[in-house]
Each structure stands twice: as structure tokens, then as C-alpha cells.
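Notes to accompany the following structure.
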2 protein chains.
Amino acid sequence: MIYYETFTEVVIFTVKKNKIMLNSYSSADKVLLAVDCIIFGFDKEGLKILLIKRDFEPEKGKWSLIGGFLKKDEKLDSAAIRILDRYTGIHDIYMEQLHAYSDIDRDPVERTISVAYFALINIENHNAELIQNYEAQWFSVANAPKLIFDHNSMLRHAIRRLRYRTSTKPVGFELLPEKFTMRQLLELYEAILSKELDKRNFISKINSLDILIKLDEKDMMSSRKGSYLYAFDKEKYDAKLLNDFVLNL
Amino acid sequence: MIYYETFTEVVIFTVKKNKIMLNSYSSADKVLLAVDCIIFGFDKEGLKILLIKRDFEPEKGKWSLIGGFLKKDEKLDSAAIRILDRYTGIHDIYMEQLHAYSDIDRDPVERTISVAYFALINIENHNAELIQNYEAQWFSVANAPKLIFDHNSMLRHAIRRLRYRTSTKPVGFELLPEKFTMRQLLELYEAILSKELDKRNFISKINSLDILIKLDEKDMMSSRKGSYLYAFDKEKYDAKLLNDFVLNL
DNA sequence: TATATCAATGTAGTTTTTACACTTAATAAA
DNA sequence: TTTATTAAGTGTAAAAACTACATTGATATA
């Protein structure tokens, strides 16, 4: 076993059959790596996030993002998927890495770096199981409670990213049921961007993307006349992505 | 010392004076956390990145981003600043966290998660010391060499982010000397976006931002007529940032 | 059958973006 | 000193995108 100080780091290596084998980066510190998920949902009341009540000290009883630790042989994306599944039973949804948070004392228990992910799920599809099986609860994004550690900061970043994503990806469709009305879509975008949008302009911009299928079916819940249901055309969207997607609302 | 399995994680805690003190998250794995820097520069030849030749196995002799390991009591931003300073002697420059890379075998020596940062520096200001004191070397972004590990992928992401940043921040000014001509600025943006821009439209868009100071001085190097030098007005820019910056080129 | 409610739809005015070419200033060469 | 050369500097018209805005249509309920 030989120590060798390079310009970069001290490394430990052995020589086997004339081949140098590095065994570790000896001088480097190892740290805990957490993954926290900002899970957005949408229903008729607006844009929501899913939180859990922390059940141990410190900060017991406070609201928290859903999180967990990265395992040794797991990549971050997989950890985020695993953690979300464990708390919600949900998988196969849109997730995106947000940012790594590393303030020294962000977690008072132990030095922990956290990589935040945000996810988009559709509440109606999952709500029943979620509330029954897990201690998670939906909160309106607009008046989210005080969260532990730096989770409020993560949430703010996630909202900013989500707003930006609306112009880049058809994120809206991730948050809605498979069939939805134009009004629902409009209200979703209004909730995300937290501004009012002109209905006619919105519809023509959405239509100009050419990624919606107008169904023959109507939703008769919302009005006497009934409003047509739409579905998202994944194929057209995938084709479109190649030439970049831009949507200015 | 008591073990307690919560819904989230196994934790270890002690009870002191009726207060529960958590000591660690026992079940979680610790990992090495690296920071890699994509350092962009610009000169008359175009957009460049700074690379170093790795001087130990594996991948000895291959080109690599500048990187290092996070220390125990250091946050990621600080590590990025430290590492950049160590390799280039440069500090006080624009840096931004890019993404965390965590493929299991991305570093064959040992499991390492890397958080990539990108930085913008102005070559002319720093080149001499940089080349003399360190083994770093500038490469044209357009034909960068094959890099170790997943560094090419980091570079691709960084370029994408840099392109987006042009519409959000006046990144250009970070890459130019204090005084610069409109032509230099134009060529920089052309290099970043890798597309041709119309000179007159570019100038009027830049001017409409109202963050440039036209100096009385001319650069006589580039032409017989000479071209006016400009400087970046940080104060106006800072004021402007409050109402969001948008620049569509 | 009258009324109330929300869905659906098009256009004109304004702003923004694009495409495009000639004149000017300074210097070097004749 | 005249002429030639080179890149700098400048404006406008056409096209495209965006905004603001109001009436009619379908149906359930009174």
C-alpha cells in the first residue's frame, strides 16, 4: 500500500502485475447525502405540496419535505424514486433534480448534504391510497407551513424552477388527470405562474403547440353546456421536443 | 445510547437532562463528494474551457475538469471557490452550481458523487499566471478533447446552462475584459449561442438593457476608424435585476 | 319557455422582432 | 496630399407575435 500526493489529492494505491490500482481517495472526507422531494400536486383548490410530519427529534412534529438518505449503491435519481415510492406508493412520474444544499449546519443532527428533487403528480389519481397508507398531507403552496431545516428554501427554488419549466416542458399535463378540460389546464397554469391568464389567448397558445387531442367526450360537471375533454398526445410531444419547446404564457 | 427506528431512518440518540439529543443517522451510508468545475473563458479565438492533465492513474494523462473533494466543514460553494483558486489563483468570479452526478461507477476508484459548478473568467486578465503556475490549459469548447469519467457530459450540460443564462444574466460581461468593444461582445454571444447574430439588432437589444457605459476611449487595434470601448455598469445592472432580466438574442 | 351559467370562438391594434445597406472615421499607401 | 482600405456606426420597413376584448351557444333549472 503506497501513499502518493498528487497535485489533486492524496490517493492510496497498490501495484498488481505492473498495473497501478487505486483503492481510495484517502484524504477525502465522507459525508451523508440526503435526498428531499418537493412533490407538487394540483386539484380544484390549487397547487399543492405533499408534506409529512416529522416523527422524531429534533423538530419532531414539524412539517417536512419527504426525504431519505442515499444508499451506497444507488444513484441520486434512483434514491429520489425510491423515497417517493416509499412514502406515497407512487412511481413513474416526472422528477427532476433541483439543487444540492450544503450549508454546514443545515441539519443539526449531523453534517448532511441534501440533493433536492421535485416531482409532479396528479392528486386525484393517488390521493386515496396516499392519505390512507401514509402520514403525508397536502398543503396549499401559497400558504405552506414553516418547514424544518432549509426546506422552505428548497420549496421556493422548486416553485421558481417549476415556473420556468412551464415554458420548456408541458409540465401541466403531469399534474392533471388523463382527461381534462381547458379550464382545468388554464387554472393549473395560473396556479403555477400565480397570475391570471387570458382564456382565449391561453387556448390558442396551447393549441398552437399541437400536442393536445380533443376528445368527443364532455365533462358535464362544471357547466350546463359541458366542456370538451382533452388528452395529452405524448407522441406528438416527443416528436416536438426534438426542435425545442417554447411556450410563453 | 438508544436505537429507534422511525418511519424514515434509524437514528441514534441520547437523553440528556430530559432533552433528546440526536447523535447520528446510523443506518445511512456516507459517500465521497467531489466538486468539478467547468471553467469557461473567451478570447479572440472563441469560447474556451480550462482543463488539466490528470497526473495519476487511472486515466493518467487524460484531460479532466478541475476538481477536488468537499471537506467535512465546507459547503459546496466554498469548495468550488477553493478548488478554482487552488488551480488558477482566481477568485471573485461568477460561479453557479450545475448538477449532481451520481452514476455508481462514474469514478472507477471509489464511489464518488460529484457536484459540478461552472465558472466564467476572463482569459486575458488571468492567462499569464495561469499557464505559468499551473498545469491547466485552455481548449476550444467546439473541439474539446475526450475527458475522463462523465466530464464530457458535465461540459455539455454546462454549455446548455450557459446558453440559457445569456437570457437571464449578463454573463457576457464576466468573460470580457473590463473595457470591451461591441464587436467583442457580439462575438462572445455568437460563440456561446453558436449562431450568427445580426450586428445592428444585437447592438440595439444590448443598448435597450441600459447596463452599458460608452467610454470616451477607442480601441484602435481592430480597425482604422477605431471602435468605442464600453464598460459594464454594475449598479444599473443590480438595480435592473430586481425586475428580472430578459434578453432574447 | 324564460333564465342563468359556463363554454366556445375571432379580430383589430399594438408591440416586438427581423431583415437589410449605406455612410463615416481613421489610417496606410501611393 | 490624395486615394484606397477597413471596420464602425447607424435606421427603417415588413413580418410576426402578443394583447385586449365581447358575443353567441348549449343545457339545466325555475
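Labels below follow one simple rule: chain letters A, B, ... track the order of the sequence lines, proteins then strands, and each chain is numbered from 1. What you are looking at is a predicted structure, and each value in this text was computed from that prediction instead of being measured.
The salt bridge (charged side-chain N to carboxylate O under 4.0 Å, His left out) pairs that include a residue from residues 236-249 of chain A are A:Asp210-A:Lys236, A:Lys234-A:Asp238, where partners are two or more places apart or lie in different chains. Applying the ring-ring contact (aromatic ring centres under 6.0 Å, His included) test to residues at least two apart or on different chains, the pairs with a partner in residues 184-223 of chain B are B:Tyr189-B:Phe202.
Within the nucleic acid shown, B:Thr181 has no heavy atom closer than 4.0 Å to any nucleic acid atom. Residue B:Met182 is classed as having no contact, given no heavy-atom separation below 4.0 Å to the nucleic acid.
Although no hydrogens or angles enter the test, the distance criterion places no donor-acceptor pair under 3.5 Å between the side chain of B:Tyr230 and the main chain of B:Met182. Judged by distance alone, the side chain of A:His151 and the main-chain N or O of A:Leu65 form a donor-acceptor pair under 3.5 Å. Although no hydrogens or angles enter the test, the distance criterion places no donor-acceptor pair under 3.5 Å between the side chain of A:Asp233 and the main chain of A:Ile211. Using modelled atom types, one side-chain atom of A:Asp198 and one backbone atom of A:Asn201 make a donor-acceptor pair closer than 3.5 Å. Judged by distance alone, the side chain of B:Lys62 and the main-chain N or O of B:Arg54 form no donor-acceptor pair under 3.5 Å.
In terms of the ring-ring contact (aromatic ring centres under 6.0 Å, His included) criterion, A:Tyr228 has no residue partners (sequence neighbours excluded). Legend: residues meeting salt bridge (Lys or Arg N to Asp or Glu O under 4.0 Å) with B:Glu217, ordered by chain and number and at least two apart, are B:Lys179. In this structure B:Asn152 satisfies the side-chain contact (heavy atoms from CB on, under 4.5 Å) test together with B:Lys146, B:Leu147, B:Arg156, sequence neighbours excluded. Residues passing the ring-ring contact (aromatic ring centres under 6.0 Å, His included) test with A:Tyr101 are A:His99, A:His157, sequence neighbours excluded.
With a heavy-atom cut-off of 4.0 Å to chain B, the contacted part of DNA chain D has its first and last nucleotide at D:dT5 to D:dG11.
Of all the residues in residues 185-200 of chain A, A:Asp198, A:Arg200 reach under 4.0 Å from DNA chain D with at least one non-hydrogen atom. Within residues 240-249 of chain A, the residues that place at least one heavy atom under 4.0 Å from DNA chain D are, in residue-number order, A:Asn248. For residues 204-216 of chain B, proximity to DNA chain C is found at B:Lys205, defined as any non-hydrogen atom under 4.0 angstrom from a strand atom.
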### Evaluation steps, side chain to side chain donor-acceptor pair (under 3.5 Å), between A:Thr181 and A:Asp219
CA-CA 7 Å; A:Thr181 64; A:Asp219 168 36; 5.1 Å; no

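At whole-Å resolution of the value, NZ in B:Lys218 and P in C:dT24 are 14 Å apart. Summarising the geometry, the separation between CD on A:Gln184 and P on C:dA7 is reported as 10 Å, rounded to the nearest angstrom. Taking atom CG of B:Asp219 as the reference point, atom C1' of C:dA25 lies 15 Å away to the nearest angstrom.
Proximity of B:Leu33 to B:Ile113: side-chain heavy atoms (C-beta onward) are separated by under 4.5 Å at one or more points. A:Ile159 has its side chain out of reach of A:Leu47: every pair of non-hydrogen atoms, C-beta onward, lies at least 4.5 Å apart. Between B:Glu124 and B:Asp43 the shortest side-chain heavy-atom distance falls below 4.5 Å. Within the 4.5 Å cutoff, no side-chain heavy atoms of A:Asp36 are placed close to those of A:Ile38.
In summary, the aromatic rings of B:Phe232 and B:Phe180 are positioned with their centroids too far apart to meet the 6.0 Å limit.
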Report, one pair per line, the protein and nucleotides 2-4 of chain C atoms (nitrogen or oxygen only) whose separation is under 3.5 Å.
from: C:dA4; atom 1: N3; to: A:Arg224; atom 2: NH1; distance (Å): 3.3

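The overall bend of the helix from C:dT1-D:dA30 to C:dA30-D:dT1, read as the angle between its terminal helix axes built from five base pairs each, is 10° when rounded to 10 degrees.
A donor-acceptor contact under 3.5 angstrom links the side-chain atoms of A:Lys225 to the base of C:dA7.
Checked for salt-bridge contact, A:Glu174 and A:Lys169 miss the test: no charged N lies under 4.0 Å from a carboxylate O.
Two residues, A:Ile203 and A:Ser223, neighbour DNA chain C, and the one matched to the more 5' nucleotide by heavy-atom proximity is A:Ser223.
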